Amino acid sequence: MKTARVIYEESGHKWIALVRDPNRPEYLIDTNEYMVIDGDDAILLDPGGNEIFPAVFSALSAEFDPRKINKLFASHQDPDVISSLSLWLEFNPQIKCHISWLWTSFVPHFGGNQDTFIPIPDGGADLMVGGQRLQTIPAHYLHSSGNFHVYDPKAKILFSGDVGAALLPPGDESLFVEDFDRHIRHAEGFHRRWMGSERAKRDWCNRVSQLDIQMMCPQHGSIYRGEQVRRFIDWFAQLEVGLVKG
Amino acid sequence: MAAVVTQDTGRELRRIVRINEEIKSVVATAFKINLMAMNAIFLAKRAGQTALGFGVLSNELRRFAMDLQKQMTALREMTYGSVATVTALVKQARLNRVLERARKESSGLGRSIIDEFMRSRHGQAYARHREQIAALNRRLSQMIADTAQLVELGSVLARSAKIEAAYGGPFSTSLMQVSSDFERTIGEIQRSLESLTKQQD
Ligand SMILES: [Fe+2]
Ligand SMILES: [Fe+2]
């Protein structure tokens, strides 16, 4: 099963990372799920795939009453991001899913109906969790054509979806990036292949450079902290992307 | 209980699939009978005065073949409908498996939520699924009974045609051949229907 790790906590405002599932079969990519709690309210960021629902549900319920989760955020349409939707709907049919407008007629193939989805316009929108406002940050074409990240100005945390993702070798369990240079080697191939647009990449680097980020949390691999965030943005800015080989 | 429901659903599914396959074979045979009846009418016309009785019977057989096809169309539509039921059951079974895993992995609050959820949900879902299957079976039984009655009529017609064939003069052999084909094919349908009736219990 996965473990729930509190990565930020300050007067009722909390970030929980659901990470590392040793029971996960190897044919499934490992994912991180994040839950932002504010008081009695919570949002689940990239709830994950159908197959890992049991691990996410059980880890999460150790920290929070899962019945109280009434909103989900999906950075994009991928199965590792949101195919568990139908299971969450079983527990709470009223649950809302925030996702790019581009995908609101595609993701219902995983579950939900006309009342389930709240489309995010291309420029982004705010998400309220309890009393806290979170911002959705446009990250289109990185890699999905309708793609958002989430920035929490209070916790100074950026949830960056597939950006910053690293496919770590088995046995590397670290929650946080320890050695940037070593870590980034596991991120390079992924970013070259999955990220499709140079221009989108430049736009994103400019956009997030203006944010005060203490932690950058990707959907796969370890979390970047402090100076590592800056280093990642610089590394990504100069990386050539959209390549099938190389 | 979850495991029992899943197993049960699996058995139910395999049964419905078997029934569908059987219906498909009856549909194919019904089509064959229609062609045979056309052929018999043509033959009776050629035989003329010597095969008047056979001619009347082949017209009756053709009417029978058309009624049978109509009946089969209805049966086919019903099996299309059952595909939706089957799909819902497959989804249900899959969901049950994931929930069962979630229950095993959880402890404390998570586990009690899933327990409670499965109790209420399974109770309802199980009742609903029983209900659907029962309705499906009732309609299927009725249709099979109607079809069996119709086929019984066809069987009588085929036997009479065989008797008439004996008076067919120079055409007697070919008329006999045609009516024997009828009898055999109708027999096939009867066996299929019998096996369908057995699947019902
Ligand atoms: Fe993705
Ligand atoms: Fe992903």
Side-chain angles (χ1 to χ4, degrees), chain A residues 1-4 14 16 18-25 27-28 30-31 33 35 37 40 42 44 47-70 79-80 82-95 108-113, chain B residues 1-14 16-17 80-133:
Chain A
M1 89 175 244
K2 281 177 173 272
T3 43
K14 243 182 181 181
I16 289 164
L18 305 163
V19 292
R20 304 294 171 267
D21 179 6
N23 296 332
R24 171 188 56 85
Y27 56 80
L28 290 174
D30 196 20
T31 52
E33 292 71 34
M35 182 167 52
I37 304 174
D40 217 20
L44 190 57
N50 221 341
E51 287 304 312
I52 55 132
F53 173 84
V56 173
F57 184 90
S58 53
L60 180 154
S61 54
E63 287 289 333
F64 193 78
D65 185 339
R67 290 167 301 190
K68 285 192 193 150
I69 294 180
N70 55 23
D80 66 327
I82 189 63
S83 67
S84 62
L85 177 61
S86 62
L87 287 155
W88 289 103
L89 282 162
E90 288 289 334
F91 284 89
N92 180 3
Q94 305 307 319
I95 214 163
H109 285 291
F110 288 143
N113 56 32
Chain B
M1 168 163 165
V4 176
V5 174
T6 308
Q7 231 177 46
D8 210 52
T9 309
R11 214 176 25 240
E12 214 61 272
L13 289 185
R14 285 191 294 277
I16 289 174
V17 169
Y80 278 147
S82 76
V83 171
T85 312
V86 170
T87 308
L89 293 179
V90 170
K91 257 166 102 176
Q92 166 100 49
R94 177 154 194 247
L95 175 73
N96 286 347
R97 275 198 302 279
V98 179
L99 286 178
E100 187 54 41
R101 261 173 51 216
R103 203 189 75 88
K104 277 198 192 114
E105 286 197 24
S106 297
S107 54
L109 176 65
R111 189 168 197 144
S112 60
I113 290 171
I114 291 186
D115 275 338
E116 188 194 316
F117 178 78
M118 283 176 114
R119 250 196 314 278
S120 63
R121 190 180 186 291
H122 276 211
Q124 285 167 18
Y126 193 69
R128 202 170 51 231
H129 136 212
R130 283 266 138 228
E131 172 84 33
Q132 277 172 347
I133 294 288

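The structure displayed is predicted, hence computed values, not measured ones.
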Pairs table: donor-acceptor atoms between chain B and chain A closer than 3.5 Å:
residue	atom	partner	partner atom	Å
B/Arg94	NH2	A/Glu51	OE2	3.4
B/Arg101	NH1	A/Glu51	OE1	3.3
B/Arg101	NH2	A/Glu51	O	2.4
B/Arg121	NE	A/Glu90	OE1	2.6
B/Arg121	NH2	A/Glu90	OE1	3.0
B/Arg121	NH2	A/Glu90	OE2	3.3

> Looking at CD1 of B/Ile114 and CZ of A/Phe57, how far apart are the two atoms once the value is rounded to the nearest 0.5 Å?
Replying inline: 4.0 Å
>> Does any backbone or side-chain atom of A/Ala62 lie under 4.5 Å from a heavy atom of chain B? Answer side chain, backbone, both or neither.
In response: neither
> Considering residues at least two apart in sequence or located in another chain, which fulfil the ring-ring contact (aromatic ring centres under 6.0 Å, His included) criterion with B/Phe117?
Replying inline: A/Phe91
